Number of protein chains: 2
Amino acid sequence: MSDHTHPSPAESLIAAQGGRITRTRVAVLDILLAAEQSLTHDEIGVALDDKGIKHDRVTLYRTLDWLVESGVAHKMAGDDRARRFGVAASGPHEHAHFHCDRCGKVVCLEGLQPAVAVNLPGGYQLDRAELVLHGACPTCGKGA
Amino acid sequence: MSDHTHPSPAESLIAAQGGRITRTRVAVLDILLAAEQSLTHDEIGVALDDKGIKHDRVTLYRTLDWLVESGVAHKMAGDDRARRFGVAASGPHEHAHFHCDRCGKVVCLEGLQPAVAVNLPGGYQLDRAELVLHGACPTCGKGA
DNA sequence: GGTGGTTTTGCAACATAGTAGCATTTGCGC
DNA sequence: GCGCAAATGCTACTATGTTGCAAAACCACC
């Protein structure tokens, strides 16, 4: 529609995965990149709507799914049935997550992988470990 | 409906929580007690139907919810949107779970809590840690 | 810059998981 | 046995996620 005078890192990130540069895809990745914590579909949808980007619920699901399959983003299941999405900073998402039980926010704790090489009963082949810490985040902890 | 000649441990467990001994509640807890791995609502419903226990989907939800609130069972969110339930052997459910990525089964690994007291960024108040190990279970690992 | 093929979007309908309200039943104290 | 409160079962509803297909957008090529 206009000249692309703002070459966001999202575009190059999408292009690096062999995907097409589309409005929705760039906007979603931009939102994910700017967010400090994992977001749900609904939150991303609201943010998308706030940016004036026309979108569909299904498109959002497929876009997020594509980002996860491309390794750009990663998804995780929270306490309720809402899946949350975040950008995968490093290659493997071998990092812990902190889930605040009060505000429900999920933050990625990069560079915080404990020794999970525990003694497996035998026969079990460990592929990856997912550690979720529950408690109160700094914001909610102070207001307690 | 007949005389209770088999006083299952489920009954006393329910009574200890101050709950009423009902058909559904005893049967559900019995199934959970007998199962080695966590079960979904659907799996419990099938097992309930297999035992000839008349039940409703909503009743099952509420029964499971009551068991969780009473501390008898514990729930966790899997990879998909289906919640899984299992009996809480000890008091706090401070144990790890193993999720087989091939058959989708979730097993509770009792007595397998690693040192998760990692260095939190500060301000975060850790309440409990949930560790989910992903990989292949002995059954699926052998057939690979 | 135009054209064509393929991907992506958008729409509608569907599928599954979980919840709410309320009348009826049932367990349990009395 | 009686009565009350808890638990069940029913319908309907919400939320989350999926599938199929036609229209539009993106990109390669000319």
Side-chain angles (χ1 to χ4, degrees), chain A residues 1-4 7 10-12 14-29 38-46 48-49 51-70 72-73 75-85 104, chain B residues 1-4 7-8 10-29 38-46 48-49 51-70 72-73 75-85 104:
Chain A
M1 45 199 78
S2 60
D3 54 333
H4 26 66
E11 294 186 8
S12 43
I14 292 169
Q17 305 300 328
R20 288 186 178 177
I21 311 293
T22 66
R23 225 184 338 164
T24 314
R25 210 167 271 186
V26 172
V28 168
L29 191 50
S38 301
L39 302 171
T40 59
H41 273 124
D42 194 52
E43 291 171 321
I44 298 172
V46 169
L48 225 40
D49 199 60
K51 291 178 75 138
I53 309 288
K54 184 183 187 251
H55 67 286
D56 186 68
R57 211 157 54 91
V58 182
T59 304
L60 185 50
Y61 276 108
R62 283 194 274 234
T63 302
L64 256 353
D65 210 47
W66 180 85
L67 286 172
V68 170
E69 284 200 10
S70 301
V72 180
K75 75 166 187 275
M76 63 189 128
D79 281 23
D80 41 12
R81 58 202 149 128
R83 297 181 187 167
R84 291 174 181 276
F85 291 82
Chain B
M1 50 196 74
S2 58
D3 54 333
H4 26 69
S8 40
E11 294 187 8
S12 43
L13 197 50
I14 292 169
Q17 306 301 327
R20 288 185 176 176
I21 311 293
T22 66
R23 225 186 335 167
T24 315
R25 211 167 269 186
V26 172
V28 168
L29 192 49
S38 300
L39 302 172
T40 59
H41 273 127
D42 194 52
E43 291 171 320
I44 297 172
V46 170
L48 225 41
D49 200 62
K51 292 178 77 137
I53 307 288
K54 184 182 186 251
H55 68 287
D56 185 69
R57 211 158 56 89
V58 182
T59 303
L60 185 51
Y61 277 110
R62 282 194 274 234
T63 302
L64 256 353
D65 209 46
W66 180 86
L67 287 172
V68 170
E69 284 200 12
S70 300
V72 180
K75 74 166 188 276
M76 62 189 133
D79 281 25
D80 42 13
R81 57 203 152 126
R83 297 181 187 167
R84 291 174 181 277
F85 290 82

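Computed from a predicted model, the values in this text were never measured in an experiment. Throughout, a chain's letter reflects where its sequence line sits, starting with A, and its residues are numbered from 1.
Nucleotide C/dG18 holds its C1' atom 16 Å from the CZ atom of B/Arg84, rounded to whole Å. With rounding to whole Å, B/Arg25 atom CZ is found 8 Å from D/dA6 atom C1'. Here D/dA7 presents its C1' atom at 16 Å from CG of B/Leu29, a figure rounded to the nearest Å. The distance between atom CD1 of A/Ile44 and atom C1' of D/dT16, rounded to the nearest whole Å, is 14 Å. Going from atom CG of B/Asp42 over to atom C1' of C/dG18 covers 13 Å, rounded to whole Å. Distance, B/Trp66 CH2 to D/dA6 P: 13 Å, rounded to whole Å. What separates CZ of B/Phe85 from C1' of C/dA17 is a distance of 11 Å, to the nearest Å. Per the geometry, CG belonging to B/Leu60 stands 13 Å off C1' belonging to D/dG9, to the nearest Å.
B/Ser38 and B/Met76 make their closest contact through OG-CE, 2.6 Å (heavy atoms, listed as atom of the first residue, atom of the second, distance). A/Ala10 and A/Leu29 get closest at one heavy-atom pair: O-CD2, 3.6 Å.
In the helix from C/dG1-D/dC30 to C/dC30-D/dG1, the end axes, each obtained as the rotation axis mapping the C1' atoms of four pairs onto the next four within a five-pair block, lie 30° apart to the nearest 10 degrees.
Applying the 4.0 Å criterion to OP1 and OP2 of C/dT8, one finds that A/Lys54 has every side-chain N and O outside that range. Note on B/Thr63: every side-chain N or O is 4.0 Å or more away from OP1 and OP2 of D/dA7. A close approach under 4.0 Å does occur between a side-chain nitrogen or oxygen of B/His41 and OP1 or OP2 of C/dG18.
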Practice prompt. Give the B/S/- string for nucleotides 19-29 of chain C, one per nucleotide from 5' to 3', where a protein heavy atom under 4.0 Å of the base yields B, of only the sugar-phosphate yields S, and otherwise -.
Written response: BBB-----BS-
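Taking the side chain to side chain donor-acceptor pair (under 3.5 Å) definition, one finds that B/Gln17 meets it with nothing, sequence neighbours left out. Applying the side chain to side chain donor-acceptor pair (under 3.5 Å) rule to A/Ser70 yields no partners; only residues at least two apart in sequence or on another chain are considered. For A/His55, the ring-ring contact (aromatic ring centres under 6.0 Å, His included) test picks out no residue, with sequence neighbours left out. Remark: B/Asp65 engages B/Glu69 in a side-chain contact (heavy atoms from CB on, under 4.5 Å) (not counting sequence neighbours). In this view, B/Lys54 and B/Arg23 satisfy the side-chain contact (heavy atoms from CB on, under 4.5 Å) rule, not counting sequence neighbours.
Applying side chain to side chain contact (heavy atoms under 4.5 Å, CB included) to A/Leu60 and the options A/Val28, A/Thr24, A/Asp42 leaves one that passes, A/Val28.
Counting only heavy atoms from C-beta outward, the side chains of B/Leu64 and B/His41 approach each other to under 4.5 Å.
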